[in-house]
Amino acid sequence: MLIRRSSGILPSEITPEAVYRDRRRLMLQAGLGASALGLAGWSGRQAFAQAAAGAKLPATRNPAFVVMDKPTSRKDVTTYNNFYEFGTDKSDPFSRAGRFRTSPWTVEIEGEVGKPLRLSVDDLRKLAPLEERVYRLRCVEGWSMVIPWTGYALSALIRKAEPTGNAKFVQFVTAVQPDTMPGLRTGVLDWPYVEGLRMDEAMHPLTLLTFGVYGETLPNQNGAPVRVVVPWKYGFKSGKSLVKIRLVERMPETSWVRSAPQEYGFYANVNPDVPHPRWSQATERRIGEDGLFSPKRKTLMFNGYADQVASLYRGMDLARNY
Ligand SMILES: Nc1nc2c(c(=O)[nH]1)N[C@H]1C(S)=C(S)[C@@H](COP(=O)(O)O)O[C@H]1N2
Ligand SMILES: [Mo]
């Protein structure tokens with residue numbers, strides 16, 4: 001594979017923020033307030049970036065993509081996370097992702113496309129109208145949440161890049177920032193975290209290029225500044241903090257398949273009938289409902305999205321293609 005750790009970080013991402021932070025620290029030590037920093041003058045962009053973390057992100061709710069289940073609390077959505085680059089405990093992403101730099105940020109769309117694109121996240125966000133959607137998220141570990149995301153269909157972006165006839169799959173490459181991601185030093189996965197979809201899955205209207213949650217820009221721990229969300233698949237398919245979207249001819253390698261191919265497949269469709277080799281997938285624990293007497297929920301085929309997506313897999317053996 002050519003995607004190794006070089007791809008995630010640009011030298012330009014390091015210097016200005018480090019300089020900013022250092023200068024800010026010195027000024028604060030000298031007892032000078034924010035106004036004395038002359039933010040607009042010398043580092044307005046960085047200052048804005050910090051202010052923008054958790055900024056309101058207006059969007060129109062799309063009722064066609066809103067499940068009726070009660071949304072999981074914002075607190076649980078933003079403090080109980082998987083983002084192994086920051087550690088493997090559920091609380092690690094919240095407690096350790098504060099230094100992650102999400103500005104400036106560019107995303108590249110490359111590979112089997114007529115028009116490769118390299119866009120700042122601000123331009124990317126403006127490419128199509130933002131929608132709020134409420135999706136179920138089912139982690140392969142056996143827990144689930146209901147999350148109000150903000151974004152637009154990934155298909156809108158892919159179309160702009162004009163896929164060639166050879167584009168059969170999409171690979172997602174996510175960020176690697178060695179100085180801000182303590183989890184990279186653990187050997188749990190190969191970095192960058194990579195994921196992928198078949199082209200028809202990537203173009204499906206449910207597949208969301210996601211910029212926000214709970215009406216605000218994504219917190220770092222949820223995959224700032226941009227991630228993908230694929231609600232009928234196990235959560236690990238929904239790669240966080242994307243830097244590259246690569247259209248390819250062959251089924252791309254993915255981090256989880258690479259680390260344990262007997263346990264995690266490329267398709268990873270939520271399927272109560274296909275157990276993980278070490279545990280059942282028939283039921284799930286809805287985060288926030290886990291009182292002593294709250295029953296587990298039955299896991300739904302395709303996480304409840306069968307009406308929309310089952311046709312993508314007609315004729316496929318879903319036990320073999322797990
Ligand atoms: N880059 C990256 N993306 C990732 C992961 C990760 O470890 N690294 N974990 C995945 C898993 S296992 C899940 S369940 C979801 C969790 O998303 P959330 O924390 O926003 O609910 O993110 C997915 N995306
Ligand atoms: Mo997960």
Side-chain angles (χ1 to χ4, degrees), residues 3 5 7-9 71-97 100 102 105 107 133-151 171-177 180-184 186-197 207-214 216-245 254-260 263-265 268-270 276 279 281 284-288 299 303:
I3 36 114
R5 49 188 73 228
S7 56
I9 186 159
T72 305
S73 74
R74 174 205 214 95
K75 180 158 192 246
D76 282 338
V77 168
T78 58
T79 59
Y80 187 96
N81 303 99
N82 273 339
F83 200 161
Y84 276 16
E85 289 86 333
F86 296 101
T88 52
D89 284 356
K90 300 297 168 229
S91 59
D92 284 341
F94 171 72
S95 64
R96 300 166 86 180
F100 183 51
T102 58
W105 191 282
V107 178
R133 302 181 175 195
V134 182
Y135 282 168
R136 286 183 212 96
L137 180 134
R138 170 62 155 82
C139 180
V140 75
E141 296 162 346
W143 50 268
S144 64
M145 296 196 189
V146 179
I147 306 181
W149 300 113
T150 302
Q171 185 176 42
F172 302 97
V173 184
T174 75
V176 176
Q177 253 175 46
T180 66
M181 291 175 153
L184 300 181
T186 69
V188 275
L189 289 173
D190 280 339
W191 317 105
Y193 188 102
V194 283
E195 258 307 332
L197 295 172
T207 302
L208 195 69
L209 192 66
T210 305
F211 300 89
V213 67
Y214 263 106
E216 298 185 351
T217 53
L218 287 170
N220 293 348
Q221 62 270 26
N222 292 94
V226 58
R227 67 178 297 175
V228 69
V229 176
V230 193
W232 71 95
K233 293 175 179 284
Y234 291 117
F236 68 82
K237 299 297 288 181
S238 295
K240 293 177 169 180
S241 304
L242 302 177
V243 294
K244 272 185 194 165
I245 298 174
T254 68
S255 292
W256 284 104
V257 171
R258 183 177 223 209
S259 87
E263 303 192 13
Y264 308 103
N269 292 313
V270 174
H276 183 279
W279 59 85
Q281 294 291 20
E284 66 199 56
R285 187 167 63 89
R286 180 66 51 85
I287 299 298
T299 288
N303 205 20

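When a ligand or atom number is given, it counts from 1 through the structure's own listing order.
Residues Lys90 and Asn82 bring a donor and an acceptor atom of their side chains to less than 3.5 Å of each other. Donor-acceptor pairing under 3.5 Å is recorded for the side chains of Ser144 and Arg286.
What sits closest to atom 7 (O) of ligand 1 on the protein, heavy atoms only, is Tyr84 N, 2.8 Å. When hydrogens are left out, the protein atom nearest atom 15 (C) of ligand 1 is Gly235 O, 3.6 Å; that is the closest non-hydrogen contact. Residue, atom and distance of the protein heavy atom nearest to atom 6 (C) of ligand 1 are Tyr193 CE1, 3.4 Å. For atom 12 (S) of ligand 1, the closest heavy atom belonging to the protein is Asn82 ND2, 3.5 Å.
With a 4.0 Å cut-off on non-hydrogen atoms, Trp149 touches ligand 1 through its side chain and not its backbone. Of the heavy atoms in Met145, none comes closer than 4.0 Å to ligand 1.
Checked for salt-bridge contact, Lys233 and Glu195 miss the test: no charged N lies under 4.0 Å from a carboxylate O.
Between Trp143, Phe172, Phe236, it is Phe236 that holds the heavy atom closest to atom 11 (C) of ligand 1.
Of all the heavy atoms in Lys237 and Val228, the pair that sits closest is O-CG1, 4.0 Å.
Ligand 1 places these atoms under 4.0 Å from at least one heavy atom of Glu85: 1 (N), 2 (C), 6 (C), 7 (O), 8 (N). Residue Asn222 approaches ligand 1 through these ligand atoms, each under 4.0 Å from one of its heavy atoms: 18 (P), 20 (O). Residue contact check: Phe83 has heavy atoms under 4.0 Å from atoms 1 (N), 2 (C), 6 (C), 7 (O), 8 (N) of ligand 1. Less than 4.0 angstrom separates some heavy atom of Cys139 from each of these atoms of ligand 1: 14 (S).
Residue Tyr80 has no nitrogen or oxygen atom sitting less than 3.5 Å from a nitrogen or oxygen atom of ligand 1, judged on distance alone. The shortest N or O to N or O distance between Lys240 and ligand 1 is below 3.5 Å.
Going from atom CG of Asn222 over to atom CG of Asn81 covers 5.0 Å, rounded to the nearest 0.5 Å. In this structure, CZ in Phe94 is found 14.0 Å from CG in Asp89, a value given to the nearest 0.5 Å.
Across Tyr193, Phe100, Trp191, a single residue satisfies ring pair (Phe, Tyr, Trp, His ring centres under 6.0 Å) together with Phe86, and that is Phe100.
The closest approach between any non-hydrogen atom of Ser238 and ligand 1 is below 4.0 Å. Residue Arg227 places a heavy atom less than 4.0 Å from ligand 1.
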Practice prompt. For Asp92 and Phe83, run side chain to side chain contact (heavy atoms under 4.5 Å, CB included): C-alpha distance rounded to whole Å, both residues' side-chain angles, the deciding distance at 0.1 Å, then the answer.
Written response: CA-CA 8 Å; Asp92 284 341; Phe83 200 161; over 6 Å; no
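At least one donor-acceptor pair under 3.5 Å links the side chain of Arg227 to the backbone N or O of Ser238.
For Trp143 and Tyr80, the distance between ring centers is under 6.0 angstrom.
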